[in-house]
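Down below is the structure, laid out as structure tokens.
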Amino acid sequence: MEKIDLSSLTLESLTEAVQAFGLPSFRGGQIYRWLARGVSSFDEMSDLSKDLREKLNQTCTLATVEQAACSRSSDGTKKYLFRLADGNHVETVLMRYEHGNSVCISSQVGCNMGCRFCASTLKGRVRNLTAGEMLAQITYINRTDPVSHVVVMGVGEPLDNYDNLVTFIRNLTSPKGFGMSQRHISVSTCGLVPKIDRLAAENLQITLSVSLHAPDNETRNLLMPINRTYPVEELLAACDRYLAATGRRISYEYIMINGVNDTPDHARLLARRLKGKLAHVNLIPMNHVDERDFQPSTPDRIRRFSSLLSEQGINVTCRRKLGKDIDASCGQLRARFEREHKN
Ligand code: SAH
């Protein structure tokens with residue numbers, strides 16, 4: 001019989017599962033609290049009897065991550081490479097800000113979206129992460145560095161793993177679980193329009209980050225294959241619906257690629273598209289990826305682009321680069337690890 005992964009269930013389903021074993025429902029709440037504290041086995045759940053722990057070991061599992069590597073940057077950023085139970089690896093990054101520690105988690109092993117500048121998608125998607133595996137990346141780090149914010153911006157397209165993502169967010173934010181504020185969570189997407197609409201209806205106060213990277217279909221088609229399915233106009237309309245449903249300002253991510261999406265014309269069109277919307281544009285100097293042929297924009301071009309946006313009243317910031325010295329961006333650590341450990 002296949003074991004049930006208790007760490008990937010909501011509190012309600014977890015409670016039903018323990019009741020089905022003939023246990024009282026409060027056991028569900030006890031196990032749920034332990035999972036939020038990042039235990040890696042039932043044996044650590046010290047308020048359960050030995051008999052019960054034995055029974056759980058025989059019938060159930062819980063997701064764990066094991067540290068395969070960790071690099072530290074001089075700015076305090078830490079990048080973890082975690083091994084999952086089936087031997088796959090994911091990357092997770094801890095960043096330190098004045099407002100607290102923020103963890104960037106992965107949502108899939110690999111990615112199917114095929115963005116042309118991205119290292120995570122080079123070999124496609126291997127599998128989705130479970131809700132428990134997403135939470136475990138946070139609870140592992142939380143044992144040494146208290147985590148107050150989470151961004152789902154690591155490897156993978158979170159909205160391509162929709163149900164597990166939403167269960168994970170509910171468990172992360174449940175006052176009976178980890179108890180993180182919904183407002184401290186950002187989910188980043190390349191723009192899966194029907195899933196943005198579903199997310200808008202979940203009644204969550206999380207921030208939606210949209211990887212826009214170009215204001216026109218010609219440029220965006222070149223960079224992101226998903227744009228052929230959901231072009232810029234449809235994506236921006238879905239973002240307007242998300243804002244109307246949740247009241248949450250949309251954050252638009254824009255990586256700066258030299259000579260490709262960073263001209264004054266791109267800036268002016270972007271400003272026209274976003275004018276009057278409750279929006280924030282985050283300019284990100286592209287990280288060079290060996291396997292890809294794009295180059296990062298020069299600082300001058302980034303400054304020019306940024307001023308053209310602010311002149312038009314667009315709220316714009318330029319992302320500070322953390323963890324530069326440790327391959328801290330998407331997919332790079334996993335790719336390097338796999339190169340070094342192949343055979
Ligand atoms: N699939 C989701 C989340 C993961 S990617 C998404 O597309 O938003 C997280 C962010 O990193 C995205 O904005 C993505 O476009 C960006 N990114 C990918 N490769 C990059 C690179 N080489 N340099 C800078 N940012 C990159």
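Residue numbers start at 1 and run along the sequence shown. Counting convention: from 1, in listed order, for ligands and their atoms alike.
- Between atom 3 (C) of ligand 1 and the options Cys115, Ser251, Ser188, the minimum heavy-atom separation is to Ser188.
- Residue contacts with ligand 1, taken as heavy atom pairs separated by less than 4.0 Å, do not involve Val210 at all.
- Using modelled atom types, one finds a donor on one side chain and an acceptor on the other under 3.5 Å when comparing Tyr162 with Glu202.
- Every atom of ligand 1 is numbered from 1 in the order shown, and the set under 4.0 Å from a heavy atom of Glu157 is 1 (N), 2 (C), 6 (C), 7 (O).
- Against a heavy-atom cut-off of under 4.0 Å, His213 is close to the following atoms of ligand 1: 13 (O), 14 (C), 15 (O).
- Set against the non-hydrogen atoms of Met153, the atoms of ligand 1 under 4.0 Å away are 4 (C), 5 (S), 9 (C).
- Heavy atoms of Val289 found under 4.0 angstrom from ligand 1 belong exclusively to the side chain.
- With ligand atoms numbered from 1 in the order given, ligand 1 contributes 4 (C) to contacts under 4.0 Å with heavy atoms of Gly154.
- Between Phe117 and ligand 1, at least one pair of N/O atoms sits closer than 3.5 Å.
- For His213 and Phe117, the gap between ring centers is short of 6.0 Å.
- Note: Tyr254 and Phe305 have tilted aromatic rings, judged against thresholds of 30 and 60 degrees for the angle between ring planes.
- Backbone and side-chain nitrogen or oxygen atoms of Glu253 are examined, and none is located within less than 3.5 angstrom of a nitrogen or oxygen of ligand 1.
- The cationic atom of Arg143 (NZ for Lys, CZ for Arg) lies less than 6.0 Å from the six-membered ring centre of Tyr140 and within 45° of the ring axis.
- For ligand 1 and Gly156, the ligand atoms under 4.0 Å from any heavy atom of the residue are 1 (N), 2 (C), 3 (C), 4 (C).
- Ring geometry for His149 versus His99: interplanar angle of 30 to 60°, hence tilted.
- Within ligand 1, the atoms closer than 4.0 Å to a non-hydrogen atom of Cys190 are 6 (C), 7 (O), 8 (O), numbered from 1 in the order shown.
- Between the side chain of Gln108 and the backbone N or O of Gly156 there is no donor-acceptor pair closer than 3.5 Å.
- Considering backbone and side-chain atoms together, Cys118 places no N or O closer than 3.5 Å to any N or O of ligand 1.
- In this structure, Ser107 has no heavy atom closer than 4.0 Å to ligand 1.
- Checking side-chain atoms of Arg96 against main-chain N and O of Gly76 turns up a donor-acceptor pair under 3.5 Å.
- In this structure, Arg53 contributes its side chain and Asp43 its backbone to a donor-acceptor pair below 3.5 Å.
- Counting only N and O atoms by type, the side chains of Arg248 and Thr207 include a donor and acceptor under 3.5 Å apart.
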